[in-house]
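Okay, structure first, notes after.
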Amino acid sequence: MLVSNQQTLDPLMTAQDWMSDGRDVAIATVIETWGSAPRPVGSHLVIDRSGNFEGSVSGGCVEGAVIAEAMEVIESGQPRMLEFGVADETAWQVGLSCGGRIRVYVERLG
Amino acid sequence: MDPFCLKKLNEERRARRAAILLTDIGDGRDRVIRQGDPIAGALGPAVRTAFLSGRSGIADVDGRSFFLNVHLPPPRLVVIGAVHISQALAPMAKVAGYDMEIIDPRTAFATQERFPDVVLHAEWPQDVLEARPLDPYTGVAAVTHDPKIDDPALAAALTSGCFYVGALGSRKTHAKRVERLKLLGLADEQISRISAPIGLDIGAASPAEIAVAIIAEVVKTFRARELQPLQQLDRTA
């Protein structure tokens with residue numbers, strides 16, 4: 001059965017499609033979680049240079065920040081480790097309202 | 001991520017083969033490991049454990065940190081019956097990440113027009129399942145209401161360790177089904193694994209609502225299974 005990746009919403013398949021189209025792509029991966037984290041370890045968010053994205057690393061709380069970092073990773077080619085915790089005005093600008101903590105690895109494809 | 005690794009990983013995933021993407025989070029280098037690939041050194045046990053448990057995570061080995069992202073084949077849902085409920089179930093299963101196939105020997109029902117984008121087998125379940133055996137990564141939902149079609153598939157599902165076995169029909173219908181399955185030589189213990197009436201009790205009335213109840217029950221059963229001993233995952237990975 002052949003189905004389009006849009007239907008299956010599979011970020012890694014989407015990343016491969018984008019790569020074939022010659023688009024610059026960054027892949028963000030949840031590599032560690034503590035407490036109640038919305039998405040499990042191994043979850044992906046893929047982002048292209050124009051800010052298109054597919055997948056998720058949280059329930060939508062930190063995606064914006066990850067996309068912004070991904071732009072810089074696409075530019076520099078240097079992977080980054082991001083950490084997000086409980087939303088707190090003093091310590092964090094973006095955070096997880098659920099009270100968990102996650103570590104996200106962002107790397108460029110290629 | 002190395003583009004070659006992404007292609008290779010996706011190729012393994014499309015073929016329903018277990019694979020791990022191993023990333024050295026110190027220098028960003030990665031590689032794809034297939035189950036059974038020889039892994040030298042201290043990383044070997046971490047890789048074997050990850051394949052068994054299906055859990056992704058970090059392994060610290062010789063002062064370096066590796067991230068192991070485990071990709072096990074997605075669960076499959078085999079539906080017996082190309083009926084109205086199955087038409088609603090097909091797109092729901094796909095979005096929920098299940099590979100769905102339909103078996104129904106009645107060629108008037110099992111048409112590609114009624115089921116675009118679905119793998120359809122217009123044959124008897126026993127013939128299809130002989131060529132493509134069921135496994136613990138597969139759930140079976142029998143929804144034809146016809147014992148000639150449903151029963152052989154249910155018997156095959158119960159003897160193959162399918163993670164989910166559901167059958168459409170009232171309690172009265174199911175009581176008769178239980179008697180027939182006993183005559184086929186199935187034990188009470190096996191027969192009691194059948195979810196009947198099928199689906200979570202959400203008061204479903206329409207075919208689409210019954211499909212919601214079925215997919216919800218399939219997801220619930222598959223996730224509950226993760227809490228059980230993980231060794232059985234190895235059998236099909």
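Values in this document were obtained by computation on a predicted structure and should not be read as measured data. Every chain is numbered from 1, with letters handed out A, B, ... down the list of sequences.
For A:R80, no part lies under 4.5 angstrom from a heavy atom of chain B. Using a 4.5 Å cut-off between heavy atoms, B:N69 touches chain A through its side chain atoms alone. At a 4.5 Å heavy-atom cutoff, A:A26 makes no contact with chain B through either its backbone or its side chain. Contacts of A:Q16 with chain B are made by both backbone and side-chain atoms, with heavy-atom separations under 4.5 Å. Only the side chain of B:L9 comes within contact range of chain A, with heavy atoms under 4.5 Å apart.
Counting non-hydrogen atoms of other residues, nucleotides and ligands closer than 6.0 Å to CZ of A:F53 gives a total of 12 or fewer. Counting non-hydrogen atoms of other residues, nucleotides and ligands closer than 6.0 Å to CG of B:D62 gives a total of 12 or fewer. Enclosure of atom CZ in B:R106 by more than 12 non-hydrogen atoms of other residues, nucleotides or ligands within 6.0 angstrom is indicated. Other residues, nucleotides and ligands contribute at most 12 non-hydrogen atoms within 6.0 Å of the CD atom of B:E130.
In this structure, A:M19 CE and B:L6 CG are separated by 5.0 Å, a value rounded to the nearest 0.5 Å. If you take SG on B:C5 and CG on A:L12, they are separated by 12.0 Å, rounding to the nearest 0.5 Å. Here CG of B:L21 is found 8.0 Å from OG1 of A:T29. Values are rounded to the nearest 0.5 Å. The OG atom of B:S65 sits 8.0 Å away from atom CE of A:M81, with the distance rounded to the nearest 0.5 Å.
Considering only heavy-atom pairs separated by less than 4.5 Å from chain A, the leading option among B:E101, B:H71, B:R13 is B:R13.
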Result block: side-chain N/O donor-acceptor pairs under 3.5 angstrom for residues 209-216 of chain B, not counting sequence neighbours:
residue	atom	partner	partner atom	Å
B:E209	OE1	B:A205	N	2.8
B:E209	OE1	B:S206	N	3.3

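The shortest heavy-atom contact between A:V30 and B:F67 is O-CZ, 3.6 Å. Scanning both residues, A:Y105 and B:D24, for their nearest heavy atoms gives OH-O, 4.3 Å.
The closest donor-acceptor contact from the side chain of A:E107 to the backbone of B:M1 lies under 3.5 Å.
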